[in-house]
> 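Right, I'll just put the structure down here and ask away after.
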Amino acid sequence: MALVGSFFKYKNGTLTIEEIALKRIAEKTRTPVYIYSQKAILQTLSMLKKALSGVELFICYAVKANANPTLLELFAKQGIGADIVSGGELKQVMHSGMRTSGIVFSGVGKMEHEIRAALEKNIYAFHVESEEELFVINDIAKSSNKKASIAFRWNPDVDAKTHRYIATGLKKNKFGLNKSEIFSLLKKRNQLKYVDFKGVSIHIGSQIITLKPFQEAFYKTQTLILEIQSMLAKKLSFVSLGGGLGITYKNEKPFPLKEYGKLILKLFGPASKTPLKVILEPGRFLVGNAGVLLTKVLYRKKRKEKDFLILDAGMNDLLRPALYQSYHEILPLDEALLKGKYKKTDLVGPVCESSDFFALGRLFPTGVNRGDYLAVFSAGAYGYSMGSQYNLRPRPVEVWVTKDARAS
Ligand code: LLP
């Protein structure tokens with residue numbers, strides 16, 4: 001059976017990752033538990049790098065997708081940087097041993113103390129999202145006697161064709177500056193002596209599965225860069241093309257990565273009109289399908305029209321279905337349970353909210369009952385990181401499967 005992401009496999013009747021039975025992990029720890037595969041992450045990272053060969057690439061992993069310390073250490077060892085959005089993420093990244101010179105700071109609401117801390121650590125660049133923010137950065141840099149490297153985060157007004165909550169590149173969204181704001185700031189550059197205009201950044205949205213929105217946004221970005229360069233009479237040093245690469249949750253078929261790489265090479269590669277260092281800020285793509293959430297069935301509530309399976313994981317552990325009505329594949333660890341009858345089932349959590357569900361009206365095997373373990377797939381990104389302790393529930397455990405772990 002082909003499973004989402006194909007890193008997790010049934011072997012000898014039980015769901016495994018890197019040859020390890022997930023059930024063993026659940027029994028050794030507790031549920032709910034997030035399980036991540038290092039091998040899956042490294043494979044995905046190398047696929048991305050390969051697709052972009054020829055481009056002067058620097059990957060800044062979007063920490064918000066999953067800020068697990070072991071993951072950040074792994075990325076630090078791989079020499080990649082980080083895209084952060086808060087002082088908390090800055091601290092977490094620094095603990096991982098990542099070089100602060102590989103950090104970009106995004107987000108519409110950077111606070112003064114966060115800007116000061118990032119400046120002190122000499123991060124690579126601030127992605128500026130408003131006129132006021134740029135002046136605040138300039139003032140802070142002045143008082144610290146430093147020059148802050150910045151990129152204009154611009155909003156290209158492109159429809160990413162994704163869930164409206166995770167589209168960020170439309171005029172109506174709060175993100176980024178528009179063209180006229182950027183040029184008005186450039187005209188005020190005499191008052192902005194403590195910032196260095198180094199680049200342009202965009203991020204049009206998340207879980208994008210067709211190339212077209214990227215094409216449209218990247219072409220527009222090239223035009224903008226040419227215009228900025230001619231106004232400043234100097235070359236910019238980088239373009240940050242954001243994250244947004246979509247993954248398969250159900251049966252989505254994202255565009256071939258090769259096409260994405262070709263597009264970037266054409267527009268920003270060494271032989272292009274705008275040869276620049278290219279920063280990418282992938283989050284979901286690198287970790288989404290490398291993680292599952294394991295949960296145990298607490299109760300089956302039988303009803304005529306549909307049953308309820310009540311799980312020990314809830315919306316506080318994985319918020320995506322409640323917030324975006326997003327689909328996550330759910331399978332029992334014991335393959336034999338897939339046989340037999342299926343019935344319409346709501347798979348729900350123990351939290352006191354009707355939006356506390358993982359699947360509604362899904363055809364699910366009637367053989368799955370109290371005490372059985374289930375894996376909720378594609379939970380590596382925006383899973384644990386968006387969790388809370390709502391209902392005063394403890395946070396789930398996180399377990400890493402690495403080659404070394406196999407020996408134990
Ligand atoms: N760069 C910036 C500036 C971002 O705002 C984001 C994500 C990324 C990069 C990484 O995007 P990715 O490669 O993961 O698509 N909670 C939502 C996703 C929110 C994404 C927010 N920004 C979800 O669970 O689908």
Side-chain angles (χ1 to χ4, degrees), residues 34 41 44-45 48 58-67 71 75 80-86 89 93 103-110 124-130 133 150-156 160-170 173-177 199-210 213-214 217 221 239-250 252 254-255 257 260 278-291 293 315 317-328 358 376-388:
Y34 274 97
I41 288 168
T44 314
L45 177 63
L48 183 63
F58 189 63
I59 295 175
C60 289
Y61 164 68
V63 175
K64 63 174 85 64
N66 187 331
L71 173 66
F75 283 152
I80 73 176
D83 166 49
I84 60 161
V85 287
S86 71
E89 287 189 353
V93 166
I103 295 176
V104 294
F105 194 168
S106 306
V108 291
K110 302 177 193 75
Y124 186 71
F126 293 87
H127 291 175
V128 172
E129 305 224 16
S130 66
E133 181 195 332
I150 70 110
F152 293 109
R153 158 102 182 248
W154 92 289
N155 183 326
K161 301 254 184 304
T162 184
H163 189 285
R164 67 194 166 92
Y165 283 10
I166 54 176
T168 49
L170 284 170
N173 300 129
K174 68 179 173 181
F175 299 97
L177 295 151
V200 169
S201 85
I202 56 165
H203 172 74
I204 57 170
S206 203
Q207 184 53 14
I208 299 170
I209 53 171
T210 57
F214 283 124
T221 302
V239 60
S240 180
L241 298 173
L245 291 166
I247 61 169
T248 303
Y249 283 91
K250 189 180 184 183
E252 305 90 334
F255 55 83
L257 210 52
Y260 177 76
V278 172
I279 291 181
L280 292 182
E281 303 162 6
R284 182 190 325 262
F285 180 78
L286 292 179
V287 294
N289 274 330
L293 173 63
M315 65 190 287
D317 303 308
L318 178 67
L319 184 63
R320 303 192 72 257
L323 191 58
Y324 316 115
Q325 290 72 53
S326 58
Y327 182 96
H328 285 259
F358 293 105
V376 183
F377 282 75
S378 313
Y382 307 109
Y384 190 96
S385 65
M386 287 176 75
S388 74

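Just so you know, ligand 1 is whichever comes first in the structure, and atom 1 is the first atom listed for that ligand. The shown structure was predicted, so the numbers you read here are calculated from the model rather than taken from an experiment.
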> To check your reading of the model: name the closest protein heavy atom to atom 16 (N) of ligand 1, its residue, and the distance in Å.
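For atom 16 (N) of ligand 1, the nearest protein heavy atom is Tyr324 OH, 2.7 Å.
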> What heavy-atom pair brings Ala65 and Val287 nearest, and what distance separates the two atoms?
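Scanning both residues completely, I find the closest heavy atoms to be CB-CG2, 4.2 Å.
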> Only heavy atoms of Met386, strictly under 4.0 Å: list the atoms of ligand 1 that pass.
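Under 4.0 Å from Met386, ligand 1 has these atoms: 16 (N), 24 (O).
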> Considering non-hydrogen atoms of the protein only, which is the closest contact for atom 8 (C) of ligand 1, and what is the distance?
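Closest protein heavy atom to atom 8 (C) of ligand 1: His203 CE1, 3.4 Å.
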> What closest approach, in Å, do Cys60 and Ile279 show between heavy atoms, and which atom pair accounts for it?
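Residues Cys60 and Ile279, closest heavy atoms: SG-CG2, 3.8 Å.
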> I'd like to check which ligand 1 atoms, numbered from 1 as shown, lie under 4.0 Å from a non-hydrogen atom of Ala62.
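By the 4.0 Å cutoff, the relevant atoms are 8 (C), 9 (C), 10 (C).
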> With a 4.0 Å cut-off on heavy atoms, is Ala65 in contact with ligand 1?
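No, Ala65 has no heavy atoms under 4.0 Å from ligand 1.
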> If you count the atoms of ligand 1 from 1 in the order shown, which ones are under 4.0 Å from a heavy atom of Gly283?
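Near Gly283, meaning under 4.0 Å from one of its heavy atoms, ligand 1 has 12 (P), 13 (O), 14 (O).
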> Can you find a non-hydrogen atom of Pro282 under 4.0 Å from ligand 1?
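It does; at least one heavy atom falls under 4.0 Å.
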> Thinking salt bridges, do Lys110 and Glu133 make one under a 4.0 Å N-O criterion?
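Here Lys110 pairs with Glu133 in a salt bridge, since their nearest N and O are under 4.0 Å apart.
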> Nearest protein heavy atom to atom 15 (O) of ligand 1, by residue and atom, and its distance?
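Result: Ser206 OG, 2.3 Å.
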> Taking the six-membered ring for Trp and the full ring for Phe, Tyr or His, determine whether the centres of His328 and Tyr249 are under 6.0 Å apart.
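Ring centroids of His328 and Tyr249 are less than 6.0 Å from each other.
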> Assess the side chains of Asn66 and Ser385: does a donor N or O sit below 3.5 Å from an acceptor N or O?
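No, no side-chain donor-acceptor contact under 3.5 Å.
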> So among Leu280, Ile84, Ile41, Leu71, which one has a side-chain contact (heavy atoms from CB on, under 4.5 Å) with Tyr61?
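The side-chain contact (heavy atoms from CB on, under 4.5 Å) with Tyr61 is passed solely by Leu71 among Leu280, Ile84, Ile41, Leu71.
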> Short list, please: which atoms of ligand 1 are under 4.0 Å from a heavy atom of Gly243?
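Answer, ordered by atom number: 9 (C), 13 (O).
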> Show me which atoms of ligand 1 lie under 4.0 Å from any heavy atom of Gly244.
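Taking each heavy atom of Gly244 in turn, ligand 1 has 11 (O), 12 (P), 13 (O), 15 (O) under 4.0 Å.
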> Is the backbone of Gly205 close enough, under 3.5 Å, to the side chain of Thr168 for a donor and an acceptor to pair up by distance?
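Judged by distance alone, yes, a pair lies under 3.5 Å.
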> Measure across Tyr165 and Leu323 and return the closest heavy-atom pair with its distance rounded to 0.1 Å.
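Shortest heavy-atom contact: CE2-O, 3.6 Å.
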> With rounding to the nearest 0.5 angstrom, report the CD to CD1 distance, Glu252 to Ile208.
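Separation between the atoms: 13.5 Å.
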> Side chains of Arg153 and Ser106: is there a donor and an acceptor less than 3.5 Å apart?
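Distance-only check fails for Arg153 and Ser106.
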> Closer than 4.0 angstrom: is that true for some heavy atom of His163 and an atom of ligand 1?
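Flag not set, His163 not near ligand 1.
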> Considering heavy atoms of the protein only, find what lies nearest to atom 4 (C) of ligand 1 and give residue, atom and distance to 0.1 Å.
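Protein heavy atom with the smallest distance to atom 4 (C) of ligand 1: Lys64 NZ, 3.1 Å.
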> What residue and heavy atom of the protein are closest to atom 20 (C) of ligand 1, and at what distance?
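Atom 20 (C) of ligand 1 sits closest to the protein heavy atom Tyr382 OH, 3.5 Å.
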> Could you pull out all residues at least two apart from Phe285 that satisfy ring pair (Phe, Tyr, Trp, His ring centres under 6.0 Å)?
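Checked Phe285 against ring pair (Phe, Tyr, Trp, His ring centres under 6.0 Å); zero matches.
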> What's the separation between atom OG in Ser378 and atom CG in Asn289, rounded to the nearest 0.5 Å?
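Atom-to-atom, Ser378:OG and Asn289:CG are 4.0 Å apart.
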> Tell me the protein heavy atom at minimum distance from atom 19 (C) of ligand 1, and give that distance in Å.
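Sorting protein heavy atoms by distance from atom 19 (C) of ligand 1 puts Ile166 CG2, 3.8 Å first.
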> Under 4.0 Å, heavy-atom basis, I'd like to know which part of Arg320 is in contact with ligand 1: side chain, backbone, both or neither.
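Arg320 to ligand 1: side-chain contact only, backbone stays beyond 4.0 Å.
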> Give the numbers and elements of all ligand 1 atoms closer than 4.0 Å to a heavy atom of Arg153.
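What qualifies from ligand 1 is 3 (C).
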> Just need the protein heavy atom nearest to atom 9 (C) of ligand 1, so name the residue and atom and give the distance.
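Of every protein heavy atom, Glu281 O, 3.2 Å lies nearest to atom 9 (C) of ligand 1.
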> Which part of Tyr165 is near ligand 1, with near meaning a heavy atom under 4.0 Å away: side chain, backbone, both or neither?
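It is neither part, as no heavy atom is under 4.0 Å.
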> Indicate, as side chain, backbone, both or neither, the part of His127 found under 4.0 angstrom from ligand 1 when only non-hydrogen atoms are considered.
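Neither; nothing of His127 gets under 4.0 Å from ligand 1.
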> Any chance you could measure Glu281, atom CD, to His127, atom NE2, to the nearest 0.5 Å?
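If I round to the nearest 0.5 Å, the distance is 5.5 Å.
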> Taking both backbone and side-chain atoms of Ser106, is any N or O found less than 3.5 Å from an N or O belonging to ligand 1?
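It does not: no N or O of Ser106 is found under 3.5 Å from an N or O of ligand 1.
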> For ligand 1, does Thr168 get within less than 4.0 Å through its side chain, its backbone, both, or neither, judged by non-hydrogen atoms?
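Under 4.0 Å from ligand 1, Thr168 contributes no heavy atoms.
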> Mind checking whether Leu245 has an N or O less than 3.5 Å away from an N or O of ligand 1?
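By distance alone, the answer is no.
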